[in-house]
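In what follows, chains are A, B, ... by sequence order, proteins preceding strands, each numbered from 1. Atoms considered below: every heavy atom in the structure, side chains included; atoms not considered: hydrogens, waters and symmetry mates.
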Amino acid sequence: MSPEERDPFAIHGDAINRVWKKIVDLGCRNASQALHSMLSTPLEMTGIVIAFMPLSKIPFLAGDPEGQVAGIRLLFSGEVSGHMLLLFPQETCLQLVNLLMGQPPEAGQGSSSLGEVEISALAELGNITSSNFIKELANFTNLHISLTPPEILLEMTATVMQETLTTLSATTNKVLTIEATFSSMGYHLEGYFFFIPDPPSLDIIMEKFWEILAR
Amino acid sequence: MTDQHLVHVGFGEMRFSTDPEDVLVAFGLGSCVALSLYDPLKKLAGVIHIVLPTDEGRNNPLPTKYADKGIRLLYDGMIEQGARKSRLIAKMAGGSSIFKHNYPVSKMEIGARNVEAVLEALQGLKIKVSGQDTGGKCGRTFRFFVGSGKAVVRTLSEQKEI
């Protein structure tokens with residue numbers, strides 16, 4: 001096979017995208033169920049797969065590169081490894097924490113910073129979202145994957161993304177970018193969810209997809 | 001400031017300018033280090049966005065990403081465009097420690113190692129650093145104003161000239 005033929009993006013691009021979409025949809029559905037069992041008010045998560053894009057483009061995706069965001073980062077390892085990152089603008093974080101606490105997003109406006117309780121609520125959200133996505137990916141590919149506890153970073157968008165890039169020590173990383181929406185009580189809050197496999201791991205995952213699709 | 005032109009110095013990139021309206025900017029530096037070299041007579045500026053201390057002799061494709069190779073390229077570029085070594089002013093920012101956990105040991109002090117590597121490279125070229133804001137735990141944006149030779153560092157909580 002020529003390298004082009006082996007490139008899972010070049011052939012069956014649509015089929016591959018459908019697999020990602022299915023994993024994201026199932027992950028979101030399970031995450032919503034997990035959130036529902038934990039919270040007094042249902043909080044539904046939906047995800048729209050935007051694209052696989054180079055990580056270097058992302059500081060500008062969320063708008064102002066100097067704008068403050070909360071990044072919830074988890075590492076995954078096992079047969080494949082990499083990072084997952086949930087990114088929310090600062091204002092959205094405060095509103096999201098309110099929804100998690102079963103209050104309207106605007107409740108308690110005036111406090112503009114995140115305290116310990118808020119940070120731990122966001123960390124839990126990162127845990128639930130990421131672990132359900134990873135579970136679906138592991139189920140589908142039959143790969144063993146485990147997660148580290150989340151780490152929260154309150155910084156400029158550019159800082160969060162560049163630090164992630166630095167750890168990967170590569171600029172060619174492709175990132176699965178998902179627009180994540182959390183909905184409750186008629187409110188919809190948006191953030192981004194990034195799945196950033198190490199380059200050899202993305203090849204392994206694609207190889208699995210390819211095998212399954214070829215069956 | 002509104003008329004001035006922002007020139008983005010991205011991850012691992014290097015930019016030069018003699019346009020007095022230009023502002024060379026490296027956004028949200030964490031462990032990365034931005035270094036500017038400036039010849040005030042020529043009003044020539046160069047800024048590099050260093051990511052790692054060394055490419056460990058691997059001849060990686062983007063040499064400007066590494067302090068050991070990149071700073072030499074920045075210096076050579078300045079001299080080629082007419083800067084005098086004796087007039088060069090160096091300013092730098094970044095090299096903080098952002099993420100706390102989950103790192104292999106070698107990655108942990110990447111910010112500090114970047115700062116050290118930049119200082120070492122400058123020492124090798126016998127260029128003194130006249131402004132520096134490095135270390136700590138916060139992200140920084142580095143702006144270099146070509147016309148005035150001013151360097152301004154901004155974090156989420158403050159802004160200062162170095």
For this session: With side-chain contact (heavy atoms from CB on, under 4.5 Å) as the test, would you mind laying out the steps for Phe27(B) and Met156(A) before giving the verdict?
Result: CA-CA 9 Å; Phe27(B) 286 112; Met156(A) 300 182 200; over 6 Å; no
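- To the nearest 0.5 angstrom, Cys138(B) atom SG is 12.5 Å from Leu154(A) atom CG.
- Heavy atoms of other residues, nucleotides or ligands lying less than 6.0 angstrom from CD of Glu116(A) number 12 at most.
- Within a 6.0 Å sphere centred on CZ of Arg84(B), heavy atoms belonging to other residues, nucleotides or ligands number 12 at most.
- Gln123(B) CD: 12 or fewer foreign heavy atoms inside a 6.0 Å radius.
- Residue Glu163(A) holds its CD atom at 6.0 Å from OG of Ser96(B), rounded to the nearest 0.5 Å.
- Proximity to chain A involves both the backbone and the side chain of Arg154(B), based on heavy atoms less than 4.5 angstrom apart.
- Side chain of Gln162(A) to backbone of Gly30(B): no donor-acceptor contact under 3.5 angstrom is found.
- Residue with the most contacts toward chain A among Leu29(B), Thr155(B), Thr141(B): Thr141(B) (heavy-atom pairs, distance under 4.5 Å).
- Residue Lys43(B) qualifies as enclosed at atom NZ: its count of foreign heavy atoms under 6.0 Å is above 12.
- Residue Lys21(A) qualifies as open at atom NZ: its count of foreign heavy atoms under 6.0 Å is 12 or below.
- At least one side-chain heavy atom of Thr159(A) sits under 4.5 Å from a side-chain heavy atom of Ile98(B).
- Under 4.0 Å is where a charged nitrogen must lie from a carboxylate oxygen, and between Arg143(B) and Glu66(A) at least one such pair does.
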